Structure formats: C-alpha cells, structure tokens
Number of protein chains: 2
Amino acid sequence: MALRRRRNRSPAPPPSCPLLACTSLIGGAWAPNVIWYLSGGPRRFTELKADIPPITPRVLSKRLRELEKAGVIDRRVLPTSPPSVDYELTALGRELLPAIQAIVDVGTRLTATGASPMASQKR
Amino acid sequence: MALRRRRNRSPAPPPSCPLLACTSLIGGAWAPNVIWYLSGGPRRFTELKADIPPITPRVLSKRLRELEKAGVIDRRVLPTSPPSVDYELTALGRELLPAIQAIVDVGTRLTATGASPMASQKR
DNA sequence: TCCTCCGGTATCCGATCGGATACCGCAAAG
DNA sequence: CTTTGCGGTATCCGATCGGATACCGGAGGA
C-alpha cells in the first residue's frame, strides 16, 4: 500500500496572538491564584502573600505588575498612615474568571482520565 | 487616618491543580496551534510542520508526545509503505476547543485595550 | 545507483523563569 | 529607643524551555 498524498486543506490560521496574550498572563506562576483571591474583593500585598503562603514577594510583585500593566487589576494607594496599597480586579479582570473556569473544567477532565502525571503538588 | 485592619475572609482556595494541568498543556510553545490544526482532521508530522513553519521538529515532537500522554491526541501508525503517522484529536481533545476559544475571547479584549505590549510577533 | 521524503532524535546554547535569601525606608506602637 | 509591620527591591542561583543545527534508517522513485 503506497503512501497516499494528502490534498485536503488545513483550516485557516488560528488567532494566535490573543491566545498568547491571555496564556502568558494566566500562565505565570500563581497568577490564577492571585486573580482568584482578588475575586473576593480588594486585597493588599501582604494579604495576598498570606493567602498564598508559598509565593515569594518577588514573584508576587512581578505578577501584580504584569496584571496591572495588562489592565486586569487596579493598584490603588490609600491615604492611610502609613500608606497602604489595594489591588482590585478591574471589569476586564473579572472577564477572565469565566475563561479560567473553562480551563478548570477541561483540566478536571484531563486529570480525571489519569493520563497526566498530576497530583504532584509541585509549583 | 489609621491603617485599619482587614477582617474580611478570603474566598476558598482555588482549584489550582486542574488549572495547572490545562495551562501546562496549552501554555507550551505552539501547542494551541497544533490543536487548532488538528481540529481540521487527522494530520501527519510533516503536514503539521508545514502548517506551522517556524516550529522546529524537536519542539513539534515534544508537543505531540505531551498531548498524546495527556490523552488529548491519538497517534496512529498507518500500514502504508513507508509507514506514516497520523495525529488526531481525541474526544477529550475536542473538549479543549471551547476553553481555547474562551481564552481567545478574553485575549482579544486584553489586546483591544492596548494595555499589553502584544503585536510583537514573538514566539 | 543515487536522491529524496518521512518521522523523528541528538546536541548545544542562550534566555527566561521562579525559588531563596537578604535587605530597605518609613511610620507607628510599646 | 527599639521593635514591628508594610510594601516591596536586590542579588544569586539552578532548572527548564525553546531555537538552531545536524543527523539518522528505511523505502520509493529517477
């Protein structure tokens, strides 16, 4: 049997860029956790640090700056003494939640099949 | 004005593991492209390589093995001469498409705000 | 006989990522 | 005056990731 040549066309190119924009955001370590905890209302740096004990301040700071630059969260300095800083999901940020939920849904099926070497508490 | 102490509780911990399972899959370089092109039907290694010119065989091979191990695609060796290899989305793999679409939707809004430094064709 | 195609693998390499640790200035509290 | 908490930053480090390049055996075709 000879190797027949394929003539069928592939679908149009995927909209790769928006996907990259989103995955590079929520793909960073702890980013989904940060978003998740902010979904409960405004939260301060130290509070987030306490919410997610294993995260280092360096990484938390980096994540927050990334998310802020993407317009997903707001950083507000409050006129307290000493000044405190609130982080809060923007309207755009709240739109991320359904997407995250969709990912979680599939992720659940992925792990349910036992096909992936998950269950390790790494990361 | 003093720095008031927060007493409100944070929401329950996020289901981090399924999310990690999914993002570690679709977060890899070119992974969404591979899935996208496979959504058009079975495809061979060289065809995928041609579909996504910038991908190197090394990375394509790695992605395909990852996706196969996760149960997202099937690898089938056909009894042609020479033997050819078909990759195909499984039912589980097709369930990824809505999630990817959800990500693309948010990603579009992210880029639309102009907040992110996208538009660079990197990756 | 030599060439090409298929489906990859082997090696090297630089960039980035995230963890660990230490440290900072400021202000209030004790 | 010393300590504590806040909101980070600085430095170092190992691991991983992905790109570049080269190469492979087997089968058909010219």
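Source: prediction; values computed, not measured. Sequence lines set the chain letters: A, B, ... in the order given, protein chains first and strands last, and positions in each chain run from 1.
Between C/dG7 and B/Thr46, a contact under 4.0 Å exists linking OP1 or OP2 to a side-chain N or O. Side-chain nitrogen and oxygen atoms of A/Arg65 include at least one within less than 4.0 Å of the OP1 or OP2 phosphate oxygen of D/dT9. Residue B/Ser61 places none of its side-chain N or O atoms closer than 4.0 Å to OP1 or OP2 of C/dG8.
Listed nucleotides: D/dG7, D/dG19, C/dG18. Nearest to the side chain of A/Ser84: D/dG7. When the nucleotides C/dG7, D/dG19, C/dG19 are ranked by their closest atom to the side chain of B/Arg75, C/dG7 comes out on top. The listed nucleotides are C/dG7, D/dC6, C/dG18; the one nearest the side chain of B/Arg44 is C/dG7. Checking C/dG19, C/dC6, D/dT9 against the side-chain heavy atoms of A/Pro57 singles out D/dT9 as nearest. Out of C/dA28, C/dG18, D/dG7, the shortest distance to the side chain of A/Pro82 is found at C/dA28.
Rounded to an integer number of Å, the gap from A/Leu60 CG to D/dT9 P is 10 Å. Rounded to a whole Å, the CG atom of A/Asp51 is 13 Å from the P atom of D/dC6. One can place CG of A/Leu78 at 9 Å from P of D/dG7, the figure rounded to the nearest angstrom. Distance CZ (B/Arg43) to P (C/dG7): 12 Å, rounded to an integer number of Å. In this structure, A/Tyr87 places its OH atom 14 Å from P of D/dC6, rounding to the nearest Å. Between the CD atom of B/Glu68 and the C1' atom of C/dG8 there is a distance of 14 Å, rounded to whole Å. Taking atom CG of A/Asp86 as the reference point, atom P of D/dC6 lies 13 Å away to the nearest angstrom. Counting to the nearest Å, the P atom of C/dT9 and the CG atom of B/Leu64 are 10 Å from each other.
For the atom pair B/Ile103 CD1 and B/Thr108 OG1, the distance stands at 11.5 Å (nearest 0.5 Å). Between atom CG of residue B/Leu89 and atom CG of residue B/Leu96 there is a gap of 8.0 Å, rounded to the nearest 0.5 Å. Residue A/Ile55 holds its CD1 atom at 11.5 Å from NZ of A/Lys62, rounded to the nearest 0.5 Å.
Applying the 3.5 Å distance criterion, the base of C/dT11 shares a donor-acceptor pair with the side chain of B/Arg58.
For A/Pro83 and A/Arg63, each mapped to the nucleotide of DNA chain C holding its nearest heavy atom, the one lying further toward the 5' end belongs to A/Arg63.
Note on A/Lys49: nothing from the nucleic acid sits closer than 4.0 angstrom, heavy atoms only.
Applying the salt bridge (Lys or Arg N to Asp or Glu O under 4.0 Å) test to pairs two or more places apart or on separate chains, those with a residue in residues 93-103 of chain B are A/Arg109-B/Glu95.
Ion pairing between a basic and an acidic side chain is recognised when a charged N comes within 4.0 Å of a carboxylate O; B/Glu66 and B/Lys69 show no such pairing.
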